Every structure is written in structure tokens, then in C-alpha cells.
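First listed ligand is number 1; within each ligand, the first listed atom is number 1. Remember, predicted model here, so these are calculated numbers, not experimental data. Residue numbers start at 1 and run along the sequence shown.
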Amino acid sequence: MPTPAEDLDLKTVRKALQAHRDHTRDRVAALAKRPELGSAQGFGKRIGDGTTEAISRLTEIGVGQSLESTLARTERALSKLDDGSYGTCDACGQPIAPARLHAMPDSVMCLACAASERRGQPPRRR
Ligand SMILES: [Zn+2]
């Protein structure tokens with residue numbers, strides 16, 4: 001059975017993903033070092049009761065969260081390369097369109113599942 005990723009140069013993909021992961025990790029680390037943001041674990045906390053200070057932090061915390069989710073997705077894509085499931089949607093198990101993988105090598109979900117996640121409806125897990 002042909003794999004959906006067979007047209008991709010997986011070595012190149014892996015290199016690009018590793019470079020992307022390292023770069024993102026550096027940015028997360030740099031952001032986490034900022035004293036006003038506290039530790040990296042603070043990213044997952046809910047903002048408290050809306051002090052002006054907290055509101056002014058929202059943007060930076062949002063950046064941190066999106067960096068962390070980028071990092072998590074990149075690491076997931078790398079582990080999918082390792083276990084041979086690269087190119088298969090994490091949510092529905094269908095092949096991810098090669099064009100999508102070419103455009104976004106860190107895709108771990110197909111277009112439909114990624115779109116439904118963006119709308120705030122987590123795709124159903126297998
Ligand atoms: Zn899917």
C-alpha cells in the first residue's frame with residue numbers, strides 16, 4: 001500500500017522540521033525567561049481576574065501559546081516521521097494531501113480536521 005507521503009523527500013522534510021523545532025524552541029525559551037511571564041509552565045495557566053496588567057500580557061501570552069503549539073505540532077510531525085505515520089491525519093486517519101504537506105511540512109492533520117479545530121470544534125479522535 002503506497003504511503004501518502006511517498007512523493008515527499010522525507011529527509012528534507014525532517015531537516016526542515018528539526019530546524020523549525022529548534023528555532024521555535026529558542027523563541028519559547030527566550031519568551032519564558034522574561035520575568036513578567038514567569039516560568040514556561042505559566043503559559044498553560046488561565047489569566048486571573050482581569051487586572052490591567054494581565055490584559056497587557058495577553059498578547060505576549062498568546063504569542064507564547066501559539067509558539068508552544070507550533071513546537072508541539074512540529075515535534076508531533078517529527079515523531080510521525082519516526083513511526084511511519086507521517087502524512088496521515090492524526091484526527092481522522094485519512095491521508096493528508098501531499099500539496100498540504102509540501103506547503104506545511106508540520107501538518108499533522110488533514111485540511112478538514114485542521115479547519116474544524118480552528119473553529120473550536122476539536123476533531124473526533126480515533
Ligand atoms: Zn483528518
Side-chain angles (χ1 to χ4, degrees):
M1 189 176 133
T3 62
E6 66 181 341
D7 291 340
L8 294 168
D9 181 350
L10 293 183
K11 272 189 196 155
T12 306
V13 169
R14 184 186 294 271
K15 264 192 193 156
L17 284 173
Q18 282 168 342
H20 188 51
R21 178 196 59 192
D22 292 345
H23 177 71
T24 308
R25 198 179 263 160
D26 285 350
R27 290 182 65 194
V28 170
L31 206 58
K33 263 190 228 143
R34 300 177 64 134
E36 69 267 32
L37 283 176
S39 68
Q41 284 77 28
F43 285 141
K45 279 200 196 134
R46 259 193 81 203
I47 312 255
D49 38 8
T51 65
T52 48
E53 197 195 340
I55 290 168
S56 73
R57 284 190 203 160
L58 272 173
T59 309
E60 280 192 339
I61 290 174
V63 169
Q65 280 173 341
S66 86
L67 277 175
E68 288 208 324
S69 71
T70 299
L71 184 59
R73 198 178 59 224
T74 307
E75 285 179 338
R76 175 66 193 142
L78 278 164
S79 75
K80 285 167 77 66
L81 271 175
D82 286 337
D83 69 17
S85 69
Y86 185 76
T88 304
C89 177
D90 255 359
C92 71
Q94 294 298 305
I96 300 172
R100 175 168 167 78
L101 289 170
H102 276 294
M104 289 178 53
D106 61 349
S107 297
V108 297
M109 284 193 277
C110 70
L111 197 57
C113 292
S116 78
E117 192 183 63
R118 269 200 299 276
R119 285 196 304 268
Q121 304 158 353
R124 223 183 318 161
R125 302 260 157 196
R126 269 180 294 168

Sequence neighbours left out, what passes salt bridge (charged side-chain N to carboxylate O under 4.0 Å, His left out) with Arg14? Give chain and number order. Asp82

Pairwise distance CZ(Arg76) to OG(Ser69) - rounded to 0.5 angstrom: 15.0 Å

Show me the donor-acceptor pairs, under 3.5 Å and distance only, between side chains in residues 15-26 and residues at least two apart or in other chains.
unit_1, atom_1, unit_2, atom_2, d
Thr24, OG1, His20, O, 2.7
Arg25, NH2, Glu75, OE2, 2.8

To the nearest 0.5 Å, atom OG1 of Thr70 lies from atom CZ of Arg27 at 8.5 Å

Among the protein atoms near the Zn ion (ligand 1), how many are N, O or S and lie under 2.8 Å away? 4

Quick note, salt bridge (Lys or Arg N to Asp or Glu O under 4.0 Å) partners involving residues 97-114, not counting sequence neighbours, are Arg73-Asp106

Closer than 3.5 angstrom, by distance alone: can the side chain of Lys80 be matched with the main-chain N or O of Thr88 as a donor-acceptor pair? yes

